[in-house]
2 protein chains.
Amino acid sequence: MSQQRARPGSRTPSVKDVAAAADVSLGTVSNVLNRPERVSPSTRERVERAMAELGFVRNESARQLRAGTSRTLAYVMLDATNPFFNDVAQGIELAAEDADLSLFICNSNGRAEREEAHLDRLLQQRVQGILITPVNADAPYLDEISRRGIPVVIVDRHRDSGGFCSVGVDDVLGGRIAVEHLIEQGHHRVAFVGGPDSIGQVRERLEGARQIWAEFGRDPADLVHLPTEAVTVSEGRSAGERLAGLAARRRPTAAFCANDLLALGLLQQAVSAGARVPEDLAIVGFDDIEFAAAAAVPLTSVRQPRQELGRAAAKLLLDEAINPQHRHEQATFIPELVARASTANRS
Amino acid sequence: MSQQRARPGSRTPSVKDVAAAADVSLGTVSNVLNRPERVSPSTRERVERAMAELGFVRNESARQLRAGTSRTLAYVMLDATNPFFNDVAQGIELAAEDADLSLFICNSNGRAEREEAHLDRLLQQRVQGILITPVNADAPYLDEISRRGIPVVIVDRHRDSGGFCSVGVDDVLGGRIAVEHLIEQGHHRVAFVGGPDSIGQVRERLEGARQIWAEFGRDPADLVHLPTEAVTVSEGRSAGERLAGLAARRRPTAAFCANDLLALGLLQQAVSAGARVPEDLAIVGFDDIEFAAAAAVPLTSVRQPRQELGRAAAKLLLDEAINPQHRHEQATFIPELVARASTANRS
DNA sequence: TTGTATGCGTTATCAA
DNA sequence: TTGATAACGCATACAA
């Protein structure tokens, strides 16, 4: 096999090489690159031909060093195994692509020290801005970055103390519509599955659930909180076991899960224990990831506009980076119930 | 809210600023950064203090421009909605992190023109190397990149014409063990669900299935190919409908799906049509993504070491980038059957 | 052990 | 319309 590599002596061609080949000055080559209208058609064509022949590719590091502005964005994800965040990342990537920007993607996996290490590296890269779903939205190093003049947008979280753009959905409302739906379906005892409390979303979704429960005049004791240690499939399963362990007359007939991973785990446990969904147990998830619709019993879920969240965040970031009179903005999207078989009517 | 930003007049501090603050020369600061052993403890400490006080962060563009070596890798994914590729990406990211490298992640979404646009940008970034699950492993622009001296590793695909490192599993073997398992479970008529043919993996998994089928002396007509237009959940559903439409005596009692997404779609269709899994229809998937184990009927699947694939690919890439006597290598992992409820024994 | 000087590839300013 | 030149921030060879 011809292991054809670049000949040892050959650097990758620079503007200088192009200039020599096209017999123009270096400045003219740069103009062809950056302000082609300033250069006459004939020489421009000559330069372009030389570029093609030499296989010239602009060196972005040099460009960035000189111009002072980078052409990269970064997204620091919270949990790469949750499709929700990957969908958000896709939205960001599409926006970045539109703006001809490259995107660093990092995963903190829920650990603050990894998050900080990533941020460190991104600072060195002089990224134009950072999108982040932080482990802790109030971490001081986020302010530190912002103080450096680097735009930071918080994704799928809001921050009490302000100072940042952020995007997310109205989680309280999401909790309300989920439980309202269950009430409408005739349930009188409902479980809320989710935790830990340190996750703001979980708290707010539960808060919404409690609000609507109270508004319908229900007894708070009939809204049972099944806490979990994380929002994962396996925690959903374990919550299911606890649920199944309750005495029949105390057992909720429906569960609202803080996210779809929990809901899928709960569904699996229920089915494997011989329970029928939704007849014995109705289930509502949150996020509406693709696997919610793909479940054996398609899952009712509170939809977040996942890609749109990413796109919106990227747009806010770019505005902050470019627009001098940018004002921080908390973009809150409205979640939407998507009813499927897992909560079909109890008739 | 105090919109505290960098004071307009303040650039981010450079080595020069640090040098001035620590009252040493610029070269000494650079030495502290790159060969700390060469500088005396006392001045080193002074310099480090100055760095901390000024909040100095090394400018990676300048470093890269001067040193000629970049500290970034890139992975061009084929399909960001498939958790399999995200798991591979995680493996890559972990390896990159170990090497203190940043990672660009791009998604071609199966479209060659997006892939090329991404590669273009990555070339400009002068990435140290590119990992890619290509739309078409034989695309000539991959050679073009390699010829430029940029290491390219092909992930989850192999290339006939060589010239690259690649990682993947033995797909033929994967097909064999999947169908062998079904034969052992007592199935006499089996469906292969997958397509299009342009995907090498699909062809090879089918090939493996046929091999083992023949070796057991079975009639080729009893291995029914249900072609799909993509390896997605919805195509799995539609294959399920076709399967259900077959006359009962011609209908396979088991299906081997080219990947888990297809298998999940098939499972959903079967359950919603009232079929019991595995009693009426046994299902085997491929990849063993997390959602296979999380399905309502946990899915038997042929496991690929997803993260490990990514890690191995990154290691090959780094070797190619650093080791002058690097030799291209096709790393082939052995897939492994993970038996779950979707193929429980027909007793 | 520390300082000085040069250049990486590009953009932008100014003169021709 | 084009050319010459300086500067971006850093690493390194070499001198002190």
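Residue numbers begin at 1 in each chain, while the letters A, B, ... track the order of the sequences.
Side-chain nitrogen and oxygen atoms of A:Ser61 include none within less than 4.0 Å of the OP1 or OP2 phosphate oxygen of C:dG9. Here A:Thr28 reaches the OP1 or OP2 of D:dG3: one of its side-chain N or O atoms lies under 4.0 Å away. Under 4.0 angstrom from either OP1 or OP2 of C:dT11 there lies no side-chain N or O belonging to A:Arg35.
Put simply, CG on A:Asn59 is 9 Å from P on C:dT11, counting in whole angstrom units. For the pair B:Leu33 CG and D:dC10 P, the computed distance is 8 Å after rounding to whole Å. The interatomic distance linking B:Leu26 (CG) with D:dT12 (P) rounds to 13 Å, in whole Å. Rounding to whole angstrom units, CG of residue B:Asn31 and P of D:dA11 are separated by 10 Å. Atoms CZ (A:Arg71) and P (C:dG9) sit 21 Å apart, rounded to a whole Å. Residue A:Met51 contributes atom CE, which lies 9 Å from atom P of C:dT10 at whole-angstrom precision. Straight-line distance from the NZ atom of A:Lys16 to the P atom of C:dG7: 9 Å, rounded to whole Å. Whole-Å rounding puts the B:Asp23 CG to C:dT2 P distance at 12 Å.
No hydrogens or angles considered: a donor-acceptor pair under 3.5 Å links the side chains of A:Glu115 and A:Tyr141. Between the side chains of A:Asn34 and A:Arg63, no donor N or O sits under 3.5 Å from an acceptor N or O.
Salt bridge present: B:Asp98 and B:Arg311 bring a charged side-chain N and a carboxylate O closer than 4.0 Å. Electrostatic pairing of B:Glu37 and B:Arg35 does not count as a salt bridge here, judged by no charged N lying under 4.0 Å from a carboxylate O.
Taking the nucleotide of DNA chain D with the nearest heavy atom to each of B:Ser30 and A:Arg38, the more 5' of the two is matched to A:Arg38. Of the two residues near DNA chain C, B:Leu65 and B:Arg46, the one whose nearest nucleotide lies more 5' is B:Arg46. Both B:Ser25 and A:Val57 lie near DNA chain C, and the one whose nearest nucleotide falls closer to the 5' end is B:Ser25.
Residue contacts for B:Gly68: at a heavy-atom cut-off of 4.0 Å it reaches no nucleic acid atom on any strand shown. If you check every strand for non-hydrogen atoms under 4.0 Å, A:Thr43 touches sugar and phosphate atoms only. Here B:Val29 lies out of heavy-atom contact (under 4.0 Å) with every strand.
Looking at A:Arg66, its side chain comes within 3.5 Å of the base of D:dA7 through a donor and an acceptor atom.
With hydrogens and angles disregarded, a donor-acceptor distance shorter than 3.5 Å links the side chain of A:Arg159 to the backbone of A:Ala137.
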